[in-house]
Amino acid sequence: MRVALFFDGKNFYENLERSYSGRHHLNYGTLAHWLVDRVGGGRLTGAHYYTGIPDHLDPDSPEYLQLRGLIRFLDSLEYVEGFFVYRFPRVRRMHRCVSCGVSSAYTEEKEVDTTMVADMIRLAADDAFDVLILASGDADHAPAVEAVRAMGKVVYLASWGDEAMSPRLRRAAFGHIDLLNECPKEILGNRM
């Protein structure tokens, strides 16, 4: 069976960080092959990693080092066999609290979920895989999972526990791979 992986990068990484408090060094290539084996697959057709990045890095920004690390990580992930990285703009927004007047800045990803959904459905329609593994717990992906299943494909979810898993998404999928309890320790490469 041919297996395609789809990573909702921000969702996947934030839940990994929450689960291991930064004490990990995940080997994505080994994880991809383990996931293919886990679902009884024979071949990885592609591991698609989607995430948002800022248009430019401001060295004076408090999150500069973290964002520079993200870009280095994405650059290195592109060299892992079978991985395809899709980068989308993060738009900087400001919010002002009406009651207290305090302003705060935040960033918002644009086009990540919609592009992921379009690619999952397009590749399923092109018969590019038999099994799809979605590494996300985001409810926004439930309609895509339902559409892919309607095309005769099997869909598994992979997440770091059930805490961040949308019930609607879980109901839409064939099965769930709980990485928190199933992922072999050597794939995590714990840093203590």
Side-chain angles (χ1 to χ4, degrees), residues 1-16 26-53 55 70-71 73-91 108-160 162 164-179 182-184 187:
M1 282 193 305
R2 301 163 302 152
V3 180
L5 304 177
F6 284 81
F7 290 87
D8 179 348
K10 187 172 190 270
N11 181 283
F12 182 79
Y13 188 76
E14 283 179 353
N15 287 308
L16 171 64
L26 189 63
N27 183 324
Y28 280 82
T30 306
L31 174 65
H33 291 291
W34 177 81
L35 285 168
V36 170
D37 289 342
R38 167 63 175 73
V39 298
R43 182 169 61 97
L44 174 66
T45 63
H48 308 272
Y49 193 97
Y50 298 76
T51 196
I53 59 169
D55 289 340
L70 171 63
I71 291 170
F73 161 71
L74 296 173
D75 289 345
S76 69
L77 191 58
E78 290 175 327
Y79 286 95
V80 176
E81 185 174 338
F83 271 80
F84 303 93
V85 177
Y86 308 91
R87 304 168 194 224
F88 297 88
R90 266 191 203 165
V91 179
E108 187 175 73
E109 289 184 334
K110 290 295 184 189
E111 300 179 30
V112 174
D113 288 348
T114 55
T115 304
M116 252 181 99
V117 164
D119 288 351
M120 285 189 279
I121 293 171
R122 179 181 52 80
L123 289 171
D126 288 345
D127 194 33
F129 58 81
D130 303 305
V131 177
L132 181 146
I133 301 173
L134 173 60
S136 178
D138 189 342
D140 289 344
H141 298 301
V145 168
E146 292 163 353
V148 169
R149 277 191 37 239
M151 288 184 242
K153 308 300 180 183
V154 175
V155 180
Y156 283 88
L157 305 174
S159 68
W160 302 101
D162 287 332
M165 177 63 63
S166 154
R168 179 175 179 211
L169 183 62
R170 177 61 191 95
R171 286 189 302 271
F174 177 81
H176 176 237
I177 302 165
D178 183 349
L179 297 170
E182 295 182 52
C183 187
I187 293 174

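Predicted, not measured: the structure shown is a model, and the values here were computed from it.
Contact of the Phe12 side chain with the Leu26 side chain is registered, since non-hydrogen atoms from C-beta on lie closer than 4.5 Å. Annotation: side chain of Val131 is in contact with side chain of Tyr156 (closest heavy-atom distance under 4.5 Å). Residues Phe83 and Glu78 are not in side-chain contact: their nearest non-hydrogen atoms beyond the backbone lie 4.5 Å or more apart. Here the side chains of Leu157 and Ile177 are not in contact, with every heavy-atom distance at 4.5 Å or above. In this structure the side chain of Glu182 never reaches within 4.5 angstrom of the side chain of His176, judged on heavy atoms. By the 4.5 Å heavy-atom criterion applied to side chains, Val117 and His141 are counted as neighbours. The closest side-chain heavy-atom distance from Leu169 to Val145 is below 4.5 Å. Val154 is not listed as a side-chain neighbour of Leu132, based on a closest heavy-atom distance of 4.5 Å or more.
Tyr50 and Phe88 have parallel rings, their planes meeting at less than 30° on a 0 to 90° scale where 60° marks the start of perpendicular.
Taking the six-membered ring for Trp and the full ring otherwise, the centers of Phe73 and Tyr49 sit less than 6.0 Å from each other.
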Tell me, with the steps shown, if Tyr28 and Leu77 meet side chain to side chain contact (heavy atoms under 4.5 Å, CB included). CA-CA 8 Å; Tyr28 280 82; Leu77 191 58; 3.7 Å; yes

Before giving the answer on side chain to side chain contact (heavy atoms under 4.5 Å, CB included), spell out for Val3 and Val39 the whole-Å C-alpha distance, their side-chain angles and the decisive distance to 0.1 Å. CA-CA 9 Å; Val3 180; Val39 298; 3.9 Å; yes

Start with the C-alpha distance between Phe129 and Val148, add both sets of side-chain angles, then the distance that settles side chain to side chain contact (heavy atoms under 4.5 Å, CB included), and finish with yes or no. CA-CA 10 Å; Phe129 58 81; Val148 169; 4.0 Å; yes

Please evaluate residues Arg122 and Asp119 with respect to the criterion side chain to side chain contact (heavy atoms under 4.5 Å, CB included), reporting the C-alpha separation (whole Å), side-chain torsions for both, the decisive distance (0.1 Å), and the verdict. CA-CA 5 Å; Arg122 179 181 52 80; Asp119 288 351; 3.4 Å; yes

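The minimum heavy-atom distance linking Ala47 with Leu44 is given by the pair N-CD1, 4.3 Å. Taking both residues in full, the closest heavy atoms of Met1 and Gly40 are given as CE-O, 3.7 Å, listed atom of the first, atom of the second, then distance. Between Leu35 and Ala158 the shortest heavy-atom distance is CD2-CB, 4.3 Å. Across Thr45 and Ala4, no two heavy atoms sit closer than the pair OG1-CB, 3.6 Å. Between Met165 and Ser159, the shortest heavy-atom distance links the atoms CE-OG, 3.3 Å. When all heavy atoms of Ser166 and Asp138 are compared, the closest pair comes out as CB-C, 4.3 Å.
Expressed to the nearest 0.5 Å, how far CZ of Arg38 lies from CG of Leu31 amounts to 12.0 Å. Atom CD1 of Ile121 is separated from atom CE of Met116 by 11.5 Å, given to the nearest 0.5 angstrom. With rounding to the nearest 0.5 Å, the separation of CE in Met151 from CG in Asp127 is 10.5 Å.
Between the side chains of Tyr86 and His48, at least one donor N or O sits under 3.5 Å from an acceptor N or O.
The pair Glu146-Arg168 counts as a salt bridge, with a side-chain nitrogen and a carboxylate oxygen less than 4.0 angstrom apart. At a threshold of 4.0 Å, the pair Asp162-Arg170 does not count as salt-bridged, since none of the basic side-chain nitrogens sits closer than that to a carboxylate oxygen.
Using a distance-only test at 3.5 Å, with no hydrogens or angles considered, a donor-acceptor pair links the side chain of Asn11 to the main chain of Gly137. Looking at Arg149, its side chain does come within 3.5 Å of a backbone N or O of Ala172 through a donor-acceptor pair.
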